[in-house]
Amino acid sequence: MSLLATVGPTGGVKNRLDIVDFVRDEKFFTLYVRALQAIQDKDQADYSSFFQLSGIHGLPFTPWAKPKDTPTVPYESGYCTHSQVLFPTWHRVYVSIYEQVLQEAAKGIAKKFTVHKKEWAQAAEDLRQPYWDTGFALVPPDEIIKLEQVKITNYDGTKITVRNPILRYSFHPIDPSFNGYPNFDTWRTTVRNPDADKKENIPALIAKLDLEADSTREKTYNMLKFNANWEAFSNHGEFDDTHANSLEAVHDDIHGFVGRGAIRGHMTHALFAFDPIFWLHHSNVDRHLSLWQALYPGVWVTQGPEREGSMGFAPGTELNKDSALEPFYETEDKPWTSVPLTDTALLNYSYPDFDKVKGGTPDLVRDYINDHIDRRYGIKKSEGGKNPALDLLSDFKGVTHDHNEDLKMFDWTIQASWKKFELDDSFAIIFYFAADGSTNVTKENYIGSINIFRGTTPTNCANCRTQDNLVQEGFVHLDRFIARDLDTFDPQAVHRYLKEKKLSYKVVADDHSVTLKSLKIRVQGRPLHLPPGVSFPRLDKNIPIVNFDDVLDLVTGVVNIGLTAVGATADIAIGVVGATAGTAIGVADAATDAVANIAKGGLGALGRIF
């Protein structure tokens, strides 16, 4: 039972807009800022307050919108569904209830305007939660990440400047459930990318997003195009024969980028949803789900285990499309399940990506969205055909040109797996080339990262105690670097290239001396081919997959990351990947006393950005 049914916004099916376009719309942006401030100001005990809606996801670990006489137990988790098959659909309806409440506030605000009343009322009806297309423009508009004050339209039609509620949420008061979580029990607002002094470092966050942009675009493309089965697409467990990140894993990266600085901020803790950027991010996660649905019509939620446990499901529960998506209800007594959520029109929203194929057949929509993804996220061809390897890669992972021959290439990825609960912390694994003993991370040698976030530990989470051996995996793609530097994707040439470039990794956590003992890393080359007239790559089963084995156990060492801005250093474990197929080759990295400066122009002065 629920005291607040999730029915979506009113006004019929309207598009959620890209935040880049959204901030340029005077009426939408004004209403959004006003409505967001209104729900943030509500009493934190109100079920329709920003605090209560955000608290559904994690802390304060209390039931939401339930009658007072509903039996309760001392839960040690939020309702959020992670590492399991309901991750996409649960978050679909979660964003919808937030959108519903936000629009309701916007409709009340529209009534206060004394000019152009009908236009403002219609804008409120059309208002939907915007999305942040992280795969296309990872650095968002200044209104989302930088501006403390924003310009909006006042009720009389004049322009005014107001505090920007998109940057952070102010707790009023800090909830007692935060006690025992260092920093989070004293921070009065949400914090992004905090430095060692526990203060936001936004310039470093922007630099980090710029550094991660290419890798994030590539991950987005591969996630959408190379996950044909629901379980591998939906969540970040460990699965056979996968070579692309899941929707959840790509989602995790954004949490890591925004939340992790020198220490953890709210987007990498059990307080994730209290950062207003969470909702922009998760609207895009849902958009990714819609794009993927179009590519694989008819594929939907399959059975899978609840690996971690949540307020809605005990660990080990077998989940499927009929599982209740607590605490969200269509009516007072009818919980949402995943079955009807194939159609976003039921919740009165869509995305601009589908405007040109509304009402089209599944095949028409699939072909259009496939081309749309190629254009938006795919690899671009070289100018004037100057790089044949890049042009070949573009055929496989971009817009495919007409061809009469069977095109072939090896698709190269870094594949990592680890025990999710081995460390009592969120952490990241970053990859870069360290040729010639270099420890400088630059735009030219930085490859990408895998971000693992969590808000509880095996010592304070009953669910985690039974899941200490839960394995998670992630992928970072190497093809664009190989295409940039080589004229071939041939395994022998690639193996030689990776050894010469010293493909290195760092495990980054609050405890800088930490080691991740369960970490396994390998570089894999999968033979792909494109038969004549085909635009979607296929695995070439006539050629074996090539693996360059993990050598973490053979390489240890310590490097220092320079914290120029705060005058400190931090020790981080470093290893070097480099092995022939079937043979582990250790490559000692003599970087123990070196300083790894995060350098992109003047970036070093910004301090640690990972």
Side-chain angles (χ1 to χ4, degrees), residues 138-139 145-146 167-168 178 180-212 252-272 274-275 277-278 423-432 439-443 446 448-455 457 504-516 557-574 591 593-610:
L138 187 56
V139 179
I145 200 169
K146 188 175 181 181
L167 292 189
R168 62 186 63 89
F178 302 175
Y181 295 92
N183 300 327
F184 301 99
D185 56 3
T186 56
W187 274 327
R188 301 203 64 82
T189 70
T190 52
V191 177
R192 299 173 185 171
N193 197 57
D195 61 23
D197 291 331
K198 305 178 184 180
K199 299 187 182 301
E200 282 190 337
N201 188 342
I202 298 305
L205 172 56
I206 293 171
K208 184 200 310 183
L209 295 175
D210 181 61
L211 194 64
E212 294 279 6
D252 288 355
D253 281 339
I254 308 305
H255 278 273
F257 300 160
V258 176
R260 170 164 293 287
I263 57 176
R264 284 197 291 169
H266 288 76
M267 278 282 278
T268 52
H269 192 266
L271 297 157
F272 322 105
F274 289 100
D275 188 328
I277 207 170
F278 172 96
L423 302 184
D424 295 343
D425 190 7
S426 296
F427 61 95
I429 310 166
I430 66 171
F431 298 88
Y432 71 102
T439 55
N440 291 329
V441 177
T442 68
K443 189 78 171 177
Y446 184 70
S449 63
I450 297 170
N451 292 265
I452 302 91
F453 77 97
R454 49 173 298 190
T457 72
S504 304
Y505 64 87
K506 301 175 186 175
V507 177
V508 182
D510 284 0
D511 180 357
H512 306 311
S513 62
V514 72
T515 58
L516 188 59
V558 175
V559 296
N560 295 313
I561 290 185
L563 299 181
T564 310
V566 295
T569 58
D571 294 332
I572 292 179
I574 182 169
D593 299 319
V595 175
N597 297 310
I598 307 302
K600 177 183 176 289
L603 209 78
L606 297 175
R608 173 177 165 185
I609 64 173
F610 295 104

Self-check item: H255 side chain to M267 backbone, donor-acceptor under 3.5 Å
Solution: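 Looks like yes, one N/O pair under 3.5 Å.
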Quiz item: Does A428 offer a backbone N or O that forms a donor-acceptor pair with the side chain of N451 under 3.5 Å?
Solution: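 Checked: no pair found.
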How many angstroms lie between atom [atom1] of [X] and atom [atom2] of [Y], to the nearest 0.5 angstrom?
| X | Y | atom1 | atom2 | result |
| --- | --- | --- | --- | --- |
| H269 | F184 | NE2 | CZ | 4.5 Å |
| T190 | L271 | OG1 | CG | 9.5 Å |
| I452 | D253 | CD1 | CG | 8.5 Å |
| I429 | I450 | CD1 | CD1 | 5.0 Å |

Residues which pass side-chain hydrogen bond (donor to acceptor under 3.5 Å, both in side chains) with [X], listed by chain and number, not counting sequence neighbours:
| X | answer |
| --- | --- |
| D275 | R192 |
| D252 | H236 |
| K198 | N183 |

Quiz item: Which heavy-atom pair separates V258 from L205 by the least distance, and what is that distance?
Solution: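 Taking every non-hydrogen atom into account, CA-CD1, 3.9 Å.
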Quiz prompt | Atom of S449, atom of F431 and distance for their closest heavy-atom approach | solution =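 Nearest pair, atom of S449 first, then F431: CA-CD1, 4.5 Å.
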Exercise. Evaluate the side-chain proximity of Y446 to I430: yes if any heavy-atom separation is below 4.5 Å, no if none is.
Key: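 Contact flag for I430/Y446 side chains = yes.
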Quiz item: Does the side chain of I206 reach to within under 4.5 Å of the side chain of L209, using non-hydrogen atoms?
Solution: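 With C-beta onward as the side chain, the pair stays apart.
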Practice problem: Could you check E200, R260, K208 and say which one makes a side-chain hydrogen bond (donor to acceptor under 3.5 Å, both in side chains) with N193? | Solution: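 The option that passes is K208.
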Exercise. Can you spot which of F278, W187, F272 makes a ring pair (Phe, Tyr, Trp, His ring centres under 6.0 Å) with H266?
Key: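 Among the candidates, only W187 passes.
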Self-check item: Partner of F257 under side chain to side chain contact (heavy atoms under 4.5 Å, CB included), chosen from L138, T268, L211
Solution: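 Among L138, T268, L211, the one meeting side chain to side chain contact (heavy atoms under 4.5 Å, CB included) with F257 is L138.
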